[in-house]
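Down below is the structure, laid out as structure tokens.
Here is the naming used below: chain letters follow the sequence lines, and residue numbers restart at 1 for every chain.
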Number of protein chains: 2
Amino acid sequence: MAEQWNINTVKQYLIEKDIKPSVQRLAVMTYLLEHRTHPTVEEIFNDLKDKIPTISKTTIYNTLKLLALKKAILSITIDEKMVRYDGYVDRHAHFICLSCGKVVDVPLKEMIEFPKTENVEGFALEETHVYHRGYCMDCLKEN
Amino acid sequence: MAEQWNINTVKQYLIEKDIKPSVQRLAVMTYLLEHRTHPTVEEIFNDLKDKIPTISKTTIYNTLKLLALKKAILSITIDEKMVRYDGYVDRHAHFICLSCGKVVDVPLKEMIEFPKTENVEGFALEETHVYHRGYCMDCLKEN
DNA sequence: TTTCAAAATTGTAATCATTACAAATTTGAT
DNA sequence: ATCAAATTTGTAATGATTACAATTTTGAAA
């Protein structure tokens with residue numbers, strides 16, 4: 001892993017993004033930086049409630065909505081059932097395995113070119129997502 | 001509109017895609033070819049029940065799932081709440097207005113290059129989607 | 001430090017898209 | 001005309017997300 005996060009660097013990151021760094025927000029943001037699995041609300045909640053027993057699922061929802069609004073994280077709609085979240089906001093694509101549901105990052109260099117949002121006329125663009133669907137190696141081997 | 005569809009050409013299209021053309025499947029497929037609004041299940045159901053009063057929402061769900069599986073249509077997960085559907089399966093991107101929820105097609109020529117799915121190593125890729133989020137002209141004018 | 005209003009968090013109840021499932025209907029080959 | 005398989009349908013269940021009101025925390029001013 002290229003970067004190393006501690007409580008102060010994460011706190012600083014949130015402040016830069018105009019987010020007041022509460023204990024819960026720090027925990028969610030840190031979780032997403034340390035778990036590059038594109039977790040769901042359920043997964044984040046289940047893991048965080050061990051460290052912060054009083055945390056509620058509504059707070060996870062509120063926090064993720066705020067972090068995404070402030071562009072500190074990405075919300076990923078690649079899965080038809082649940083929204084997934086990504087703590088890394090640099091440009092990259094995503095892949096979901098239609099068999100096991102796993103979501104992984106796809107480096108940009110494996111694509112010809114990331115679409116230039118600036119080139120779409122007549123709209124004020126906020127974000128662009130590239131999603132791939134298919135079957136991962138692990139699932140392909142099993143069948 | 002470049003293409004003109006009638007019941008026979010749609011029937012032929014379904015057969016080509018290995019889908020038995022029932023009345024309901026023809027109605028859903030025709031609806032998607034004639035309404036390029038990326039409708040939801042609710043919208044399709046509400047419009048079709050006038051022509052086919054006995055049609056059920058479950059059939060709409062079943063049919064859309066089958067059509068998407070056979071790659072006769074696209075299922076679009078650009079909207080966090082509901083899946084939307086597109087009767088056109090040629091390569092193009094989508095844009096959703098974060099204000100009014102409208103989903104429109106974005107021609108490929110407005111992007112540098114559509115990502116080449118063949119270039120992603122280690123996965124068997126089925127589909128690739130490019131989604132843009134932002135604000136449409138109509139909503140920008142109002143604010 | 002005390003006070004107090006604004007912000008944040010929490011728990012519960014409601015919403016609503018989607019799915020499960022079993023019954024009813026239709027289809028198509030014999 | 002028969003009958004099994006495929007399709008359609010209606011209802012009930014599921015489960016992610018949101019609404020909302022109550023509680024707690026924060027942080028500035030006295």
Side-chain angles (χ1 to χ4, degrees), chain A residues 10-11 14-15 17-31 38-70 72-85 96 98 101 103, chain B residues 10-11 14-15 17-31 38-70 72-85 96 98 101 103:
Chain A
V10 178
K11 192 178 286 189
L14 292 186
I15 291 169
K17 297 287 185 178
D18 193 31
I19 299 160
K20 202 189 292 183
S22 68
V23 170
Q24 292 86 347
R25 290 167 180 174
L26 271 170
V28 170
M29 187 69 232
T30 303
Y31 185 89
H38 313 85
T40 64
V41 167
E42 190 69 23
E43 290 165 342
I44 299 169
F45 174 68
N46 279 333
D47 284 2
L48 286 189
K49 73 181 179 193
D50 293 335
K51 293 183 182 172
I52 306 175
T54 61
I55 207 165
S56 80
K57 200 177 280 188
T58 301
T59 296
I60 309 289
Y61 275 101
N62 291 342
T63 300
L64 290 168
K65 184 156 287 185
L66 178 68
L67 294 176
L69 181 72
K70 297 292 190 178
I73 65 172
L74 297 178
S75 84
I76 308 295
T77 57
I78 196 171
D79 190 319
E80 293 202 358
K81 308 235 184 207
M82 305 161 284
V83 180
R84 290 164 169 279
Y85 295 90
I96 188 168
L98 297 170
V103 174
Chain B
V10 178
K11 193 177 286 189
L14 291 187
I15 290 169
K17 297 288 184 176
D18 194 31
I19 298 160
K20 203 188 292 182
S22 68
V23 170
Q24 292 85 348
R25 289 168 181 174
L26 270 170
V28 170
M29 188 69 233
T30 303
Y31 185 90
H38 313 85
T40 63
V41 167
E42 190 70 22
E43 290 165 343
I44 299 169
F45 174 67
N46 279 333
D47 285 2
L48 286 189
K49 73 181 178 192
D50 293 335
K51 293 182 183 173
I52 305 174
T54 60
I55 207 166
S56 79
K57 200 177 280 188
T58 301
T59 297
I60 308 289
Y61 275 101
N62 290 342
T63 300
L64 291 168
K65 184 156 287 185
L66 178 67
L67 294 176
L69 181 72
K70 297 291 191 178
I73 65 173
L74 296 178
S75 84
I76 308 296
T77 58
I78 196 171
D79 189 321
E80 293 203 357
K81 307 231 183 215
M82 303 161 286
V83 180
R84 291 163 169 280
Y85 294 90
I96 188 169
L98 296 170
V103 174

On a heavy-atom basis, which atom in A/I96 and which in A/G101 lie closest, and how many Å separate them?
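That would be CG1-O, 3.7 Å.
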What are the two closest non-hydrogen atoms of A/A68 and A/I73, and how far apart are they?
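Smallest heavy-atom distance, with atoms named: N-CG1, 3.6 Å.
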Nearest-nucleotide comparison on DNA chain D, the residue closer to the 5′ end among A/T40 and B/T58:
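Of the two residues, B/T58 wins.
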Toward the 5' end of DNA chain D, which comes first, A/V41 or A/N62, by nearest nucleotide?
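Its nearest nucleotide being more 5', the pick is A/V41.
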Using whole Å, report how far [atom1] of [X] lies from [atom2] of [N].
| X | N | atom1 | atom2 | value |
| --- | --- | --- | --- | --- |
| A/D79 | D/dT17 | CG | C1' | 14 Å |
| B/R25 | C/dT26 | CZ | P | 15 Å |
| A/I52 | C/dG11 | CD1 | P | 13 Å |
| A/I19 | C/dA8 | CD1 | P | 11 Å |
| B/E80 | D/dT17 | CD | P | 8 Å |
| B/I44 | C/dT18 | CD1 | C1' | 14 Å |
| B/F45 | D/dT8 | CZ | C1' | 13 Å |
| B/M82 | D/dT18 | CE | C1' | 14 Å |

Can you find a pair of side-chain heavy atoms, one from A/L14 and one from A/M29, that are under 4.5 Å apart?
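Yes; the side chains approach each other to less than 4.5 Å.
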Do A/T40 and A/V83 come close enough that some side-chain heavy atom pair is under 4.5 Å?
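No, every pair of side-chain atoms sits at 4.5 Å or beyond.
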At under 4.0 Å, does any side-chain N or O of [X] touch on OP1 or OP2 of [N]?
| X | N | result |
| --- | --- | --- |
| B/S56 | D/dT8 | no |
| B/K81 | D/dA16 | no |
| A/Y61 | D/dT18 | no |
| A/K65 | D/dT18 | yes |
| B/Q24 | D/dT9 | yes |

With respect to the side chain of B/V83, which nucleotide from D/dT8, D/dT17, C/dT18 is positioned closest?
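Of D/dT8, D/dT17, C/dT18, C/dT18 is nearest to the side chain of B/V83.
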Check whether more than 12 heavy atoms from other residues, nucleotides or ligands sit under 6.0 Å from atom NZ of A/K17, and answer yes or no.
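Counting other residues, nucleotides and ligands, NZ of A/K17 exceeds 12 neighbours.
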Taking the nucleotide of DNA chain C with the nearest heavy atom to each, does A/T59 or B/R84 sit closer to the 5' end?
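Between the two, 5'-proximity favours A/T59.
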So A/S22, base contact, sugar-phosphate only, or nothing? Heavy-atom distance under 4.0 Å.
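Sugar-phosphate, no base atom in range.
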So what does A/T54 hit on the nucleic acid, given a heavy-atom distance under 4.0 Å: a base, only sugar-phosphate, or nothing?
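The answer is sugar-phosphate, as A/T54 gets under 4.0 Å only of primed atoms, P, OP1 or OP2.
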